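Written out below as C-alpha cells is the structure these notes cover.
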There are 4 protein chains.
Amino acid sequence: MVPKTFEDLKSQEREARKKLIAGVARELFARNAFREVTIRKIAQATEVSVGTIYNHYSNIDELFLEVFLENGRQIIRLVKKTLESDSSRVLSQVCRVYVNYLNENMSFFQMMSRFILAGELTAKNLPKLDQTMRELLDLFEEALRIAGNRTNTRLSAHALFSALNGIMISYAKYPGRAAEESREHTLCLAEIIAENFELRESRVPVQDN
Amino acid sequence: MVPKTFEDLKSQEREARKKLIAGVARELFARNAFREVTIRKIAQATEVSVGTIYNHYSNIDELFLEVFLENGRQIIRLVKKTLESDSSRVLSQVCRVYVNYLNENMSFFQMMSRFILAGELTAKNLPKLDQTMRELLDLFEEALRIAGNRTNTRLSAHALFSALNGIMISYAKYPGRAAEESREHTLCLAEIIAENFELRESRVPVQDN
Amino acid sequence: MVPKTFEDLKSQEREARKKLIAGVARELFARNAFREVTIRKIAQATEVSVGTIYNHYSNIDELFLEVFLENGRQIIRLVKKTLESDSSRVLSQVCRVYVNYLNENMSFFQMMSRFILAGELTAKNLPKLDQTMRELLDLFEEALRIAGNRTNTRLSAHALFSALNGIMISYAKYPGRAAEESREHTLCLAEIIAENFELRESRVPVQDN
Amino acid sequence: MVPKTFEDLKSQEREARKKLIAGVARELFARNAFREVTIRKIAQATEVSVGTIYNHYSNIDELFLEVFLENGRQIIRLVKKTLESDSSRVLSQVCRVYVNYLNENMSFFQMMSRFILAGELTAKNLPKLDQTMRELLDLFEEALRIAGNRTNTRLSAHALFSALNGIMISYAKYPGRAAEESREHTLCLAEIIAENFELRESRVPVQDN
DNA sequence: TATGAATGAGCTTTCATTCAT
DNA sequence: AATGAATGAAAGCTCATTCAT
C-alpha cells in the first residue's frame with residue numbers, strides 16, 4: 001500500500017514497528033522453549049523497552065496470538081505454493097512441507113496448547129484464530145481431494161491437521177535423540193500419515209487372481 | 001510383593017507414600033488446568049508437607065513424570081482390555097478408548113509437551129519414559145496388525161499414536177465450543193484416523209474393467 | 001475579558017484549551033475512582049495528546065490542583081446561592097449542599113488527601129489552594145454567624161469544614177452499603193453536624209427546679 | 001496465652017512473626033506517605049523476604065487491613081482508658097486523645113480512604129472492619145452520653161467520628177505549616193468539635209433577665 | 001504548539017526449592 | 001523422615017514523563 005498522506009506514513013511506520021516486535025518474538029520462539037520467552041526478553045531482543053511492547057499489544061497473549069497467526073500465514077503461503085505445483089503425490093508433499101515448517105518453528109504448538117488447551121484467548125481474538133484455521137483447513141481439504149479422498153473431506157482435513165500436529169508434540173524433540181534424527185523421524189511419520197489419507201488401491205491385497 | 005524383612009516393610013511403606021502423592025497429583029491434574037497445579041496444592045491435597053514431597057521427588061518434573069507414567073500405565077491397561085475383547089473393528093475401539101481417556105486426563109499432553117518439546121527430563125529418567133512408551137506402542141502395533149495393516153507396523157504405530165495425540169491438542173478444548181461438543185468432535189476424529197489406518201478394501205473404487 | 005491585541009487572543013485561546021482539559025478531567029474524576037484516572041485517559045477524553053497536557057501543566061499534580069480548585073469554585077458558587085436564599089436554617093442547608101456536591105464529586109477528597117496529607121504541592125501552587133480555601137471558609141463563617149454562632153467563628157468554620165469532609169471519608173462509600181443508602185447517611189450526618197454547630201436553646205434541658 | 005503444646009508454641013511464633021510484619025509496616029506507615037509504602041519496602045524494613053510477607057498475608061490489602069485494625073485497637077485502648085479516668089470534660093479529652101493518636105499515625109486515613117472510598121476490601125474482611133468500627137463507636141457514644149448528649153447518640157457518634165477524621169484530612173499536614181503548628185491546630189479543632197457536641201447550657205444566651 | 005511512541009523504574013504477585021527444627 | 005516458613009528471582013504489567021518530529 002502506497003501511503004497517500006502524512007498520516008498514512010505515520011500509521012504505516014507504527015504498523016511496521018509492531019510487526020518488527022512480532023517478528024523478533026517469532027524468532028525467539030523458534031529458537032527457545034515457549035516458557036522461556038518473556039516480555040522482557042522480547043523487549044531486549046527487539047532493543048525496545050518493555051513499555052513499548054505494551055504500547056503495541058495490550059497483553060502478552062495478544063502478542064503471542066500475533067506470532068501464532070503470522071506462523072499460520074506463512075504456513076498457508078507455503079502450502080498454497082505446494083498445491084499449485086502440479087507434481088504427483090501432492091498430499092504427501094503438503095504434509096512434509098507442513099511438518100518441515102513446524103520443525104523450524106517449534107513454539108507453534110506450545111502456543112496452540114496455550115490458546116486451545118489452556119483457553120487463554122479473549123472472545124475478541126477468537127475470530128482471528130478461526131479465520132486462519134479455516135484457511136489452512138481449506139488447503140488441507142483441497143489436498144485430500146486431489147489425493148482422491150472424497151468422503152467427509154472437511155472432517156478428514158481436521159483429522160489430517162490433528163495428526164500432523166500430533167507428530168510434532170510426540171516426536172519433534174524426543175529426548176535422547178539428536179535434532180536431525182528427530183526431524184527425519186517426523187518427516188517419515190508425515191509420509192505415513194499422508195499415505196494413510198490417500199486413496200490406496202495398491203495397498204489392497206490382490207483378490208481374485 | 002510380600003515383605004521379607006523389616007527393611008522391606010519400611011521401604012514398602014515409603015513406596016506407598018510416594019505413590020499416594022503421585023495419585024493425588026494425578027487427580028488434581030485431571031480436574032485442573034496444568035498451569036494451576038502447584039507443589040503447594042499437591043501438598044495440601046495429599047495432606048502432606050511440601051518438604052515431604054521433596055523427600056520423595058527431587059524436583060517437580062520427577063513428580064510430573066511419575067504422574068505421566070501412571071497415566072500411561074492406566075491407558076495401557078485400558079487398551080489391553082480392549083484388545084482382548086474379540087469384537088470387530090478393534091482398532092477403532094482402541095482409538096476411541098485412548099481419546100476418551102485423554103479427554104478425562106487433559107494434562108497428559110501438557111506434560112508430554114513439557115517432557116518432549118521443552119525437554120525437561122534428566123537422562124536418569126529417560127528410560128522410564130521410554131519403557132512406558134514402548135509398551136503402549138506395542139499395543140497400538142498389535143491393533144494395527146489385527147486391522148490388517150501389515151507393513152511398517154512400528155512406524156505406523158508411531159504415526160497412529162501421534163495422530164491421536166494431535167486430535168487432543170488441536171480440538172480438545174477448541175475455544176468457543178462446549179465441553180461435550182469438543183469431546184464428541186475428538187471421538188469423531190479418532191474414528192476417521194482409525195478408518196484411515198485400517199486396510200480399506202471398500203474404499204477402493206470398483207474396478208470392473 | 002475582551003481581547004485587546006492579537007497576543008491577548010492567543011493567550012485567551014491557550015487559557016481556554018487549558019480549562020477544557022481541566023473540565024474534562026473533572027468529569028472523569030466525578031465518574032471514576034481517583035486511582036483509575038490517568039493522564040492517558042484524560043488525554044483520550046479531551047481528544048488531545050498526552051504531550052499537549054504537559055504543555056499546559058508541568059506535571060500531574062498541577063492538573064489535579066486545577067481540577068480541585070475548579071471543584072472548589074463550583075462549591076463556592078453553590079454555597080453562595082444558598083446563603084443568599086433567605087430561608088430558615090441556612091447552616092443546615094449549606095451543610096447539605098456541600099455534602100451533596102461531594103457525593104457527586106467523590107475524588108475531591110482523594111485530591112485533598114493527596115495535597116494535604118501526602119504533601120504533593122509545590123510552593124508555587126500553595127497560594128492558589130489557600131485563596132480558594134479562604135473563600136470557602138468565609139462562606140462557612142457567614143453561615144455560622146447567621147446560625148447564631150458568634151464565638152471563634154473562624155476556627156469554628158475550620159471545624160465545620162473538617163467535619164463535613166470527614167463525613168465523606170468515613171461514610172460516603174461504606175463497604176457493603178448501597179450508593180443511595182450511603183448518600184442518605186452522609187446527608188443525615190451533615191444535618192447532625194449542622195445542629196451541633198447551631199446555637200441550640202432547645203437542647204438545653206428545662207431547668208424548673 | 002501460655003502455650004500448652006509444641007504445636008501451640010509453633011503457632012504462637014508464627015503469629016508473632018505475622019504481628020512483627022504488621023508492626024514494622026505500621027511504623028513505616030506512620031513515618032511515610034501511604035503511597036510510598038510498598039511490599040518491597042516493608043520486606044526490607046522487616047528484614048524478611050517479599051515471599052515471607054505473602055506467606056502471612058495473601059495480598060497487600062490484607063496486610064493494610066491488619067495495620068488499620070491494629071491502629072484501631074490501639075485507639076480503642078486509649079479511648080477506653082480516657083473514659084475510665086473520672087475527670088471532667090471527658091468528651092473533650094476523648095477527642096484530643098483520638099486526634100493526638102492520629103497525628104502520630106497519619107496513614108490511618110489514607111487506609112480508610114483506600115478501604116472506604118476506593119472499596120478495596122473483600123467481603124471476607126468486611127466483618128473485621130465492621131467489628132472494630134463498632135467498638136470504637138460504642139466508646140464515642142458513651143463519651144457523648146457522659147457529656148449530656150442523649151438524643152440520637154448512635155448517629156451523633158457517627159458524626160463525631162466523622163468530624164474528627166475530617167480534621168485530620170483537612171489540616172493535619174496543611175501545606176506550608178510546620179508539623180507542630182499543624183498538630184496544635186488539629187487539637188484546637190478537636191476541642192471545638194467536642195464543645196459543639198457537648199450539651200452547652202452556658203452558650204445559650206441568657207434570655208429574660 | 002501539538003503529537004504520541006518510547007521509556008524504564010517500579011509495582012504486586014507467584015512458586016519451586018531449601019533447610020533448620 | 002516430616003515439617004513448613006523463608007527465600008528471591010522472575011513474571012506480567014502500569015504510567016508519569018520525555019522528546020524527536
Side-chain angles (χ1 to χ4, degrees), chain A residues 6-7 9-11 13-14 17-18 21 35-44 46-61 63-64, chain B residues 10 13-14 17 35-44 46-64, chain C residues 10 13-14 17 35-44 46-64, chain D residues 6-7 9-11 13-14 17-18 21 35-43 46-61 63:
Chain A
F6 185 66
E7 286 303 304
L9 249 173
K10 279 207 303 187
S11 107
E13 250 182 61
R14 185 179 160 76
R17 256 187 303 260
K18 189 172 172 177
I21 294 169
R35 286 180 57 200
E36 284 158 14
V37 179
T38 67
I39 287 278
R40 273 216 221 329
K41 284 184 189 164
I42 295 172
Q44 261 165 28
T46 327
E47 290 181 313
V48 133
S49 77
V50 170
T52 297
I53 294 191
Y54 280 91
N55 281 340
H56 291 285
Y57 299 96
S58 59
N59 59 52
I60 205 176
D61 280 306
L63 171 55
F64 287 173
Chain B
K10 279 212 302 189
E13 254 180 58
R14 184 178 161 74
R17 256 190 301 264
R35 286 181 57 188
E36 284 160 15
V37 179
T38 66
I39 289 271
R40 262 240 246 299
K41 284 183 189 165
I42 294 172
Q44 265 165 25
T46 327
E47 289 180 317
V48 134
S49 77
V50 171
T52 298
I53 292 186
Y54 277 87
N55 282 336
H56 291 287
Y57 299 96
S58 60
N59 60 50
I60 204 177
D61 282 304
E62 217 157 79
L63 170 53
F64 286 175
Chain C
K10 280 212 301 188
E13 253 180 59
R14 183 176 163 75
R17 256 190 302 262
R35 285 181 57 188
E36 285 159 14
V37 179
T38 65
I39 289 272
R40 263 242 245 299
K41 285 184 189 165
I42 294 171
Q44 265 165 24
T46 327
E47 290 180 315
V48 133
S49 77
V50 171
T52 299
I53 292 185
Y54 277 88
N55 282 337
H56 290 288
Y57 299 97
S58 60
N59 61 49
I60 203 177
D61 281 304
E62 217 156 78
L63 171 53
F64 286 174
Chain D
F6 184 65
E7 287 302 303
L9 249 172
K10 278 208 304 190
S11 106
E13 251 182 60
R14 185 178 159 77
R17 256 188 302 262
K18 190 172 172 178
I21 295 169
R35 287 180 57 199
E36 283 159 14
V37 179
T38 67
I39 289 277
R40 272 220 231 317
K41 285 185 189 165
I42 294 172
T46 328
E47 288 181 315
V48 132
S49 76
V50 170
T52 297
I53 294 191
Y54 280 90
N55 281 340
H56 292 285
Y57 298 96
S58 58
N59 59 53
I60 204 176
D61 281 306
L63 171 54

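From a predicted model like this one, the values you see are computed outputs, not experimental measurements.
- At least one donor-acceptor pair closer than 3.5 Å links the side chain of A:Y57 to the backbone N or O of A:K18.
- Regarding contacts with the backbone of F:dA5, a side-chain N or O of D:R14 is found under 4.0 angstrom from either OP1 or OP2.
- Atom pair A:K18:NZ and E:dG4:P shows a separation of 16 Å (rounding to whole Å applied).
- Residues from residues 53-60 of chain C that place a heavy atom under 4.0 Å from any atom of DNA chain E, listed by number: C:N55, C:H56.
- A:N55 contributes atom CG, which lies 8.5 Å from atom CD1 of A:I21 (distance to the nearest 0.5 angstrom).
- The heavy-atom pair separating C:S49 from C:A43 by the smallest distance is C-CB, 4.0 Å.
- Residue order along DNA chain E, read from the 5' end via each residue's closest nucleotide, puts D:K41 first among D:K41 and B:R35.
- Contact annotation: C:S49 does not reach the phosphate of E:dA2 (side-chain N/O to OP1 or OP2, under 4.0 Å).
- Using a 4.0 Å heavy-atom distance criterion, B:T38 is classed as a sugar-phosphate-only contact.
- With sequence neighbours excluded, the residues satisfying salt bridge (Lys or Arg N to Asp or Glu O under 4.0 Å) with A:R17 are A:E13.
- For the OP1/OP2 pair of E:dA2 and a distance below 4.0 Å, the side-chain nitrogens and oxygens of C:R17 include at least one atom meeting the criterion.
- To the nearest angstrom, P of F:dA2 lies 9 Å from CD of B:E13.
- Residue pairs meeting the salt bridge (Lys or Arg N to Asp or Glu O under 4.0 Å) criterion with at least one partner in residues 48-60 of chain D, sequence neighbours excluded, are absent.
- Comparing A:F64 and D:V48 by the nucleotide of DNA chain F that holds the closest heavy atom to each, the one mapping nearer the 5' end is D:V48.
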task: Taking Watson-Crick and G-U wobble pairs with both distances under 3.5 Å, convert DNA chain F into its dot-bracket string, 5' to 3', dots for unpaired and | for cross-strand pairs.
output: .||||||||||||||||||||
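- A:R14 is linked by a side chain to side chain contact (heavy atoms under 4.5 Å, CB included) to A:H56, counting only residues two or more places apart in sequence or in another chain.
- Partners of C:V48 under the side chain to side chain contact (heavy atoms under 4.5 Å, CB included) rule, at least two apart in sequence or in another chain, are C:T46, C:T52, C:I53.
- Between F:dA5 and D:T52, no contact under 4.0 Å exists linking OP1 or OP2 to a side-chain N or O.
- Remark: C1' of F:dG4 and CD1 of B:I42 are 16 Å apart, rounded to the nearest angstrom.
- Mapped onto DNA chain E by nearest heavy atom, B:I39 and D:I39 fall at different nucleotides, with D:I39 at the one closer to the 5' end.
- Of the side-chain N and O atoms in B:R40, none sit less than 4.0 angstrom from OP1 or OP2 of E:dT17.
- Whole-Å rounding puts the B:E62 CD to E:dT17 P distance at 10 Å.
- For A:Q44, there are no side chain to side chain contact (heavy atoms under 4.5 Å, CB included) partners two or more places apart in sequence or in a different chain.
- A search for side chain to side chain donor-acceptor pair (under 3.5 Å) contacts involving D:R35 returns C:E120, not counting sequence neighbours.
- Applying the salt bridge (Lys or Arg N to Asp or Glu O under 4.0 Å) test to pairs two or more places apart or on separate chains, those with a residue in residues 51-62 of chain C are C:D61-C:R114, C:E62-C:K124.
- Atom-to-atom, CD of C:E36 to P of F:dC13 comes out at 18 Å; the value is rounded to the nearest Å.
- Summarising the geometry, the separation between CG on C:D61 and P on F:dC15 is reported as 15 Å, rounded to the nearest angstrom.
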